[in-house]
Student: 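My structure is below; once you've seen it, I'll send some questions.
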There are 2 protein chains.
Amino acid sequence: MNAYNQLLAHSKKISHFQHLASITGWDQAAVMPSGGASARSEAMAELSLHIHQLSTQPQLGEWFSEAETEELDNTQQAIVREMKQEWLDATLLPDDLVAAKSLAGSRCEHAWREQRPNNDWSGFAKNWQEVVKLSQEEAQIRAEHFQCTPYDAMLSQFEPGTTSASLDVVFADVKSWLPDMIDQAIAKQSGETIIQPNGHYPTHIQKSIGLDVMNLLQFDFNHGRLDESVHPFCGGVPSDVRITTRYDENEFVQAIMGIVHETGHARYEQGLPRSLAGLRAGHARSMGIHESQSLFFEMQLGRNPHFIQHLARLSTGRFDSQQPNLFTVDNLQKLYTRVKKDFIRVDADELTYPAHIILRYEIERDLMNGDITVSDVPELWNEKMQQYLGLSTRGNDRLGCMQDIHWTDGAFGYFPSYTLGAMYAAQFMATMRQSIDIEGVLDSGDFSPIFTWLADNVWQKGSLYTTNELITQATGETLNPQYFKRHLEQRYL
Amino acid sequence: MNAYNQLLAHSKKISHFQHLASITGWDQAAVMPSGGASARSEAMAELSLHIHQLSTQPQLGEWFSEAETEELDNTQQAIVREMKQEWLDATLLPDDLVAAKSLAGSRCEHAWREQRPNNDWSGFAKNWQEVVKLSQEEAQIRAEHFQCTPYDAMLSQFEPGTTSASLDVVFADVKSWLPDMIDQAIAKQSGETIIQPNGHYPTHIQKSIGLDVMNLLQFDFNHGRLDESVHPFCGGVPSDVRITTRYDENEFVQAIMGIVHETGHARYEQGLPRSLAGLRAGHARSMGIHESQSLFFEMQLGRNPHFIQHLARLSTGRFDSQQPNLFTVDNLQKLYTRVKKDFIRVDADELTYPAHIILRYEIERDLMNGDITVSDVPELWNEKMQQYLGLSTRGNDRLGCMQDIHWTDGAFGYFPSYTLGAMYAAQFMATMRQSIDIEGVLDSGDFSPIFTWLADNVWQKGSLYTTNELITQATGETLNPQYFKRHLEQRYL
Ligand SMILES: [Zn+2]
Ligand SMILES: [Zn+2]
């Protein structure tokens, strides 16, 4: 067997164990009783260790060197490129740094679950200091290898090919118009009447509507399921994609739109090229592209009134509602596009969301590059919140820099993916409109032309191309925030 | 680390991968969409291979030899004994025989799914011939190592310590009284009126009653769940036991009693010693002892009228039933103890069940020992069915020797476990009655004294003792079929 085929076989072997990790991970979040947690953690730690050992096996270095001398076509070269990238990611760090970071991260996250509600910044900072220090060490090692800034080295784990130099430009553009646009949108909406749901919306009915919506979005139930979990997610494997949502019986808005969002993630996974199954090149391109699909579903389709008409149709008469006009297209549209300056990112609307992200990006960038320290974070957060959303978080870190889980275990570089995703989604939609009558398709109830475009331009490409190549092939240009701006203007102004 | 501790660590490592196999196996049977099957099979095959490699790792032989020279207490000796037994089971057979048998078994089972409904004995016999041949080779190798008959070598995988010499004696006893007892019971029941369920019994109501029954049986929902699958089973791991049932909306009898049965298996698993978690010595003793617990719940408790009063109470008024007296203790008791001579083992009642087992035992014993051949099986089956139950299966192998899945993939030696379990259960109950007022406890609704007895005498023992030691410690004597006979006489005559 030549080195290329050795690499293929090894990659497929690893993917089998990753399959087990995905399914038992889903199980843990969606169905496992709490008493099963301790034995499960041990089993999953053993599995992680085994995957790590397979991923860093000594022969791999030789195989990569040899494979580079073998005659490979473009696809095969991309397969090796992605595999090698993953291997470098796995081998760059000394095992004791990985172990120390993992331990510090779990400890910090665990304590944070109590410290956050208690607004205990100084308690949190003690643990977090260690996480930041170890993450900086990690960033330094990655940066030396890839010859880039420490933050860019962290960012590239989630968004390979994206740099803070490019993000700085894109986000500077957004910052130049977003705060004004938010003010204008709020002013415009202030005169509107809106009917808030105020009844009992049983879980099994919400679920039944959710399943109808998934069918409308052509989720393949032969290769996936819908379940419940505290934190909604999309997991499983491409041949068996597990999405979850959370139901609140006091309203129906969140769960249904949460299902639309996760269905976007799921269809990307279900649409990945089967011919590359078990290979890194057959995985989703990046976190940002993944989020572009969920946000395409949630924001570009889901909040379009021509889509909302289906939500209205599927919801009307399903609940014992005493509120007339609650389920009209107009009212649902208002519910789903309400703009509000508020503290919490995960509850933020489409328009204010980028402000939450840019703030985090600027802080984590400076933190990883050593330009600021942990103790600077609360006041920086406060200043930026004032600047972007006019809100003070001084003395209220619970609603400020302690609100997210991401930083507690050192996932620095992840946040930009959310807003990159929103921008890619808008750019995809703008291109799609050149050949597809989106509203006509939405009215028809058969959204196939839209999904065919996404399958051809995104899903079927896996990771064969870099993000820039993918975006350029699909839309004729690299990331351009103007599409996002125009989308927001049309919806909110 | 001394060899004993090496063995401990290695065993726990293997158990982590077995944990993953159990949970993904449950997932496959209970929740996986069918399109996920192919990738899942590959992942699970990779996991099996990995477990096999760990279980047959070359150092193990040395560790076992060394550990035998180390100073170990009784528990530690039992831990090594069980581990070594498992290691021998895993290493005795050449890998190519294991692979060939697994392939022949899957092929035979797969074709059987169509051949059985078509009554295609000659088609089935062709594939089965190969399975039998490879099983005989397996039996031969095991027999040479353990110095016993080929059948006993197969039997010992499911019932270590039980021999066909002892089974011959026990089953000869049963055969001497069972056919007569069946006739008498049927004659006695022929005059009774019985109300068969004849309505619609929605799944969610059956499930809700099932959960109530599980609570009554003190199933620990912090360490387990109830779900649905085509073939009910008890899976998962001791800290997270997954039982399943199947609902038929035309009746409620099967699902509820199926839940009682699986809860018996589950409580055994939940009650295994935590201190031996991850060690073979902490597993259930044998298939027969496992079945003794499910049958203790199902037959000794579940069909006792003092238990049935709870089923009546929990079911009354839950369904829109138009049938008066359907849910009385008297009628439920009749439904649950109806005796009928019939062809299919899995549908058989408590009284005729042993006849089905003895027939299979006699045939598989002679087949493994080379005393009969595959082509003898249909007629032997017919003769024995005539003799034990007065039914002819000539020309009707669909309802005869082709009915079970067990033989299709070569699980010879498994069947006796069912009737051994029924006998052990009766013997446990007879002993328990010496110190516990069973009917009083059942009437009270708090069955704790019964479960405490089972926990002390069975569950907490894991596999620290041989089956004979376990039975003797618990009941003062080895297996004695008289308890089973007396139990049946009291219930059916
Ligand atoms: Zn998302
Ligand atoms: Zn059973």
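In what follows, every heavy atom counts, from backbone to side chain, and hydrogens, waters and symmetry copies are set aside. Below, read A as the first sequence line, B as the second, and so on, with proteins coming before strands; counting in each chain starts at 1.
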Student: Taking B:Met32, B:His223, B:His19 one by one, which has the highest count of heavy-atom pairs under 4.5 Å against chain A?
Tutor: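 Of B:Met32, B:His223, B:His19, B:His19 has the most heavy-atom pairs under 4.5 Å with chain A.
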Student: Determine whether A:Trp26 and B:Asp27 make a side-chain contact, defined as any pair of heavy atoms from C-beta on separated by less than 4.5 Å.
Tutor: yes
Student: Counting only heavy atoms not in A:His200 (residues, nucleotides, ligands), do more than 12 fall under 6.0 Å from its NE2?
Tutor: yes
Student: Nearest heavy-atom pair of B:Pro33 and A:Gly224: which atoms, and what distance?
Tutor: CG-N, 3.4 Å
Student: Relative to chain B, which of A:Asp240, A:Leu47, A:Val237, A:Asn222 shows the most heavy atom pairs under 4.5 Å?
Tutor: A:Asn222
Student: Between B:Leu49, B:Val31, B:Val241, which has the largest tally of heavy atom pairs under 4.5 Å with chain A?
Tutor: B:Val31
Student: Around A:Arg107, counting heavy atoms of other residues, nucleotides and ligands shown, do more than 12 lie under 6.0 Å from its CZ?
Tutor: no
Student: Against A:His16, only a single residue in B:Glu46, B:His50, B:Arg40 fulfils side chain to side chain contact (heavy atoms under 4.5 Å, CB included); can you say which?
Tutor: B:Glu46
Student: Is it the backbone or the side chain of A:Phe221 that comes under 4.5 Å from a heavy atom of chain B, or both, or neither?
Tutor: backbone
Student: Crowded around A:Glu114 CD? As in, over 12 foreign heavy atoms under 6.0 Å?
Tutor: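 For A:Glu114, atom CD is not crowded (no more than 12 foreign heavy atoms under 6.0 Å).
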